[in-house]
Amino acid sequence: MRQVTSALESHSPLQQPIVHITVVVMVIMFAIMVLVFALLVAASIRYRKSRVQGEPRQNFGNAKLEVTWTALPFLLLVSLFILTVITMRVADPPTASSSGADPPPDIIVVGHQFWWEFRYVAEGFVTANEMHVPAGRRLLLRIEGFDVIHDFWVPALGRKMDAIPGQPNEMYFEASTPGDYGGTCAEFCGAEHAWMRILVVAQPESDFQAWVRQQQAVPATPIEGEAQRGAEIFRKTSCAVCHAVNGVSNGRVGPDLTHVASRQTLAAGRMANNPVNLEAWLADPDKYKPGSYMPNASLSQADLAALVAYLETLR
Ligand code: CUA
């Protein structure tokens with residue numbers, strides 16, 4: 001599916017006013033630019049040397065002109081200020097926590113170097129890099145930083161929000177139409193800042209509920225073949241120390257892998273999620289994300305294939 005990434009293509013009632021004010025400001029800026037250029041050109045032609053001898057007549061201390069060029073920009077600034085305040089009220093309505101009451105958020109978003117964790121609070125599961133939401137329902141997000149400051153930004157769906165360690169921020173989030181929306185970390189946070197992508201999948205409510213049930217399910221541990229051997233390798237090597245798989249391990253350093261094979265991309269948007277890419281990624285993470293904290297497990301080719309076979313069962 002086409003991924004919407006443009007901030008000018010609004011798919012949220014929270015982004016719509018931002019698009020609106022952007023267009024208004026652009027139009028005003030363009031009009032001022034045209035006016036300034038027109039005056040420049042007109043003056044250059046009217047007072048060019050061949051038409052006027054010596055300096056043209058000077059016009060000092062013209063009170064009318066000075067009042068005009070002070071008052072007009074002032075009125076313009078005041079109008080833009082009012083428009084900005086209105087936009088902020090609609091695009092970023094105050095959350096209940098800012099009024100004292102503190103309802104739990106729907107999703108806790110945690111920025112890590114270099115991936116995103118999404119904790120679905122009421123539903124009780126954790127996933128990474130791919131956030132599913134019900135289209136048309138307004139959710140409350142709590143944005144946190146695990147290590148350094150990151151910034152959660154899905155341009156077509158609303159404002160940016162900093163993910164600061166020890167200082168959670170809350171904001172409302174809504175996608176009005178089903179679709180795939182691309183976002184990214186918008187605060188420089190280290191070597192792999194560029195590969196800290198977010199994929200928001202907005203679904204009709206019933207599809208979203210089906211996805212939730214799938215994410216809640218504990219995957220069956222394979223009991224035979226390569227996948228079973230892969231599960232052994234997962235448990236006995238460093239994989240299980242950093243990664244959680246519901247029912248198998250509870251590492252929280254790296255992304256939760258309980259349903260990793262159900263996700264569209266690997267390594268926070270670095271590559272499409274398929275067995276070939278998964279094997280390439282596990283064989284040499286540094287080749288694809290130099291500076292990420294995913295270590296090279298240094299497995300033999302056969303063990304690598306078994307591990308991939310296991311991970312592919314995690315749907
Ligand atoms: Cu995280 Cu930039």
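Both counts, for ligands and for their atoms, begin at 1 and track the order of listing. Computed over heavy atoms, backbone and side chain alike; hydrogens, waters and symmetry mates excluded.
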With a cut-off of 2.8 Å, does any N, O or S atom of H193 fall short of it relative to atom 1 (Cu) of ligand 1?
-> no
Beyond-backbone contact of I108 with E144, side-chain heavy atoms, under 4.5 angstrom = yes
N, O or S of E187 under 2.8 Å from atom 2 (Cu) of ligand 1 | yes
Under a 4.0 Å N-O cut-off, is there an ion pair linking R229 with D303?
-> yes
Flag the pair W211 / Y120 as yes when their ring centroid distance falls below 6.0 Å, and as no otherwise.
-> yes
Specify the closest pair of heavy atoms between R137 and Q209, including all atoms of both residues, with the distance to one decimal.
-> NH2-NE2, 3.8 Å
Taking atom 2 (Cu) of ligand 1 as the vertex, how big is the angle to SG in C189 and SG in C185, rounded to 10°?
-> 120°
Looking at atom 1 (Cu) of ligand 1, is one of the N, O or S atoms of Q113 less than 2.8 Å from it?
-> no
Cationic N near anionic O, under 4.0 Å, E66 to K64 = no
Mind reading off the angle at atom 1 (Cu) of ligand 1 between the SD atom of M196 and the ND1 atom of H150, rounded to 10°?
-> 100°
